[in-house]
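Down below is the structure, laid out as structure tokens.
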2 protein chains.
Amino acid sequence: MTVRELKKRETWRLVHGTALRLMTERGFDAVSVDDIVAAAGISRRTFFNYFAGKESVVFDPDPGDPELWDRLLAERPAGEPLWISLRELLLGYTTATAERMILQRQVRAASPELAGCSREVADRFWDAIRAWAPSNLSDFQLDLTINAARTVLNTACPHWAPDDGITGLHALIRAGFDTLDWTTDESRTPVRS
Amino acid sequence: MTVRELKKRETWRLVHGTALRLMTERGFDAVSVDDIVAAAGISRRTFFNYFAGKESVVFDPDPGDPELWDRLLAERPAGEPLWISLRELLLGYTTATAERMILQRQVRAASPELAGCSREVADRFWDAIRAWAPSNLSDFQLDLTINAARTVLNTACPHWAPDDGITGLHALIRAGFDTLDWTTDESRTPVRS
DNA sequence: TAGCTCTCTTGCACTCAGTGCAACTTGCAC
DNA sequence: GTGCAAGTTGCACTGAGTGCAAGAGAGCTA
């Protein structure tokens, strides 16, 4: 890891942390990009080098996350039903990033304007899963299965009281996967070979 | 229907139609609000009286839709499993608004920038459904069920070739509801009494 | 360590979305 | 017709996001 890469990662986390702190205090709309860059001590233009927009600062994955995704995907045993894999991936991811999940939840609590914004977990994570998932499904069915998992998380988050800690979220995720479970019909349970 | 209400409805449809035509030709980002109001012959400020933002002009429900929702909800027989009701509601809604669905699909085809924007059917429609749905479910399970139906539609739309007409979309919706079907386990099939 | 190069940062000027306000116009009721 | 309420418009403003060109700093090589 070169000095440059290290600095970039540090700056990313500085800006990210600063922004989420301010937004937890005042709400998303009440914090301008100028507020963030002033508090973080960088220029306005640099902010947009790191983040495509103001929403990205809340929802983009940590620069270290792709490594985590690879590890989580590698841990899934061959032959596991896809629906179970998805559940375990989400549980693993939310465990490893519990601190961020709670922060994001607090920003949302302070920012009703973010309501319709389902991006709890980065798109790129779902893309990685889609590329990894078994191919014995049509494109449509694969997208549908993955989007259903996404929906479990997106539905669980607003019902989650972050005071309960990350285990509260986990309970909702498990309940959601159980509710939508379609592994009861063995004949259409997709599995990785 | 007073003259005022009639004019409002006409203006709404004029602006909506003009905007979607321009966006189909050039793409969402390449059409500015100034372009729309110039083509529709209204003032910039009036545009924002009708629509909360540029996205709203694409995704807001037609002023006549709430009437349609009421009719569709009233048509569902008592005792029908919720999952089936949701399927039929979506089929009914997309049939009645086929023309708009196709237009929206074309705008999306011309506007990759709208990709992450799952709003095929207005939030207010889902709110109406949530208020109507059976109460023998926890809040979480109800939200999850409704969001799962939403996910079927949101997943179906990008897989839909609008050249196939609305029946192409219907086939995908049916297939999606079948894939996620959890009425196979009778004991947890929610039903309206 | 001097010098070259490539990356990242910054300031500036610009476009466009969205809002508050006050003046004006038009439908509607009495 | 007069008066009120609803709808429209122009204007001036804030804030997000972008293109560009100049400058600062990292990293490599001799």
Side-chain angles (χ1 to χ4, degrees), chain A residues 1-20 22-23 25-60 63 107 110-117 119, chain B residues 1-20 22-23 25-60 62-63 107 110-117 119 123:
Chain A
M1 171 91 52
T2 95
V3 175
R4 244 180 213 160
E5 284 173 304
L6 213 69
K7 270 200 167 179
K8 261 202 109 155
R9 185 166 292 207
E10 265 172 29
T11 303
W12 190 97
R13 288 186 176 145
L14 168 69
V15 178
H16 172 79
T18 308
L20 267 67
L22 292 176
M23 288 174 181
E25 291 163 7
R26 308 186 213 159
F28 183 83
D29 277 356
V31 176
S32 70
V33 173
D34 283 332
D35 293 336
I36 299 170
V37 302
I42 59 163
S43 82
R44 185 184 152 64
R45 204 62 192 75
T46 299
F47 175 90
F48 287 106
N49 287 342
Y50 280 86
F51 302 98
K54 212 172 101 177
E55 274 185 14
S56 297
V57 84
V58 184
F59 296 111
D60 272 8
V107 171
S111 316
E113 61 269 25
L114 288 178
C117 205
R119 297 179 40 179
Chain B
M1 172 89 52
T2 98
V3 176
R4 243 180 212 161
E5 285 173 304
L6 213 69
K7 270 198 168 179
K8 262 201 109 159
R9 186 166 291 208
E10 265 173 31
T11 304
W12 190 96
R13 289 187 175 146
L14 168 69
V15 178
H16 172 80
T18 307
L20 267 67
L22 292 177
M23 289 174 180
E25 291 163 7
R26 307 185 212 159
F28 183 84
D29 276 356
V31 176
S32 71
V33 174
D34 284 333
D35 293 335
I36 300 169
V37 302
I42 59 163
S43 82
R44 186 185 152 64
R45 204 63 192 74
T46 299
F47 175 90
F48 288 106
N49 287 342
Y50 281 86
F51 301 98
K54 212 171 101 176
E55 275 186 14
S56 297
V57 84
V58 184
F59 296 111
D60 272 8
D62 185 276
V107 171
S111 316
E113 60 270 25
L114 288 177
C117 205
R119 297 179 40 178
D123 285 347

Those residues at least two apart in sequence (or on a different chain) that pass side chain to side chain contact (heavy atoms under 4.5 Å, CB included) with A39(B) are T18(B), L22(B)

State, without any angle test, whether D35(B) and S32(B) hold a side-chain donor-acceptor pair at a distance under 3.5 Å. yes

Across all chains, not counting sequence neighbours, the side chain to side chain donor-acceptor pair (under 3.5 Å) partners of S56(A) are none

Sorted by chain and residue number, the side chain to side chain donor-acceptor pair (under 3.5 Å) partners of R4(B) (sequence neighbours excluded) come out as none

OP1 or OP2 of dT9(C) versus the side-chain N and O atoms of Y50(A): is any pair under 4.0 Å? yes

Taking side chain to side chain contact (heavy atoms under 4.5 Å, CB included) as the definition, give me every residue that meets it alongside F48(A), ordered by chain and number, with sequence neighbours left out. V33(A), R44(A), R45(A)

Between K54(B) (NZ) and dG18(C) (C1'), how many Å, whole number? 12 Å

F48(A) CZ - dT15(C) C1' separation (whole Å): 13 Å

Base, sugar-phosphate or nothing for F51(A)? Non-hydrogen atoms, less than 4.0 Å. nothing

Side-chain N or O of S43(A) versus OP1/OP2 of dT9(C): is the shortest distance under 4.0 Å? no

State the pairing partner of dA6(D); accept Watson-Crick or G-U wobble contacts with both distances under 3.5 Å, and report none otherwise. dT25(C)

From the 5' end of DNA chain D to its 3' end, which nucleotides mark the outer limits of contact with chain B, defined by a 4.0 Å heavy-atom distance cut-off (strictly under)? dA5(D) to dC11(D)

Scan nucleotides 23-30 of chain C nucleotide by nucleotide, 5' to 3', and note B when protein non-hydrogen atoms come under 4.0 Å of the base, S if they reach only the sugar-phosphate, - if neither. ---BBS--

Rounding to a whole Å, what distance do you find between R44(A):CZ and dC14(C):P? 15 Å

Please report, rounded to the nearest Å, how far the P atom of dC8(C) is from the CG atom of L6(A). 14 Å

Roughly how many Å is it from CZ in R45(A) to P in dA13(C), rounded to a whole number? 15 Å

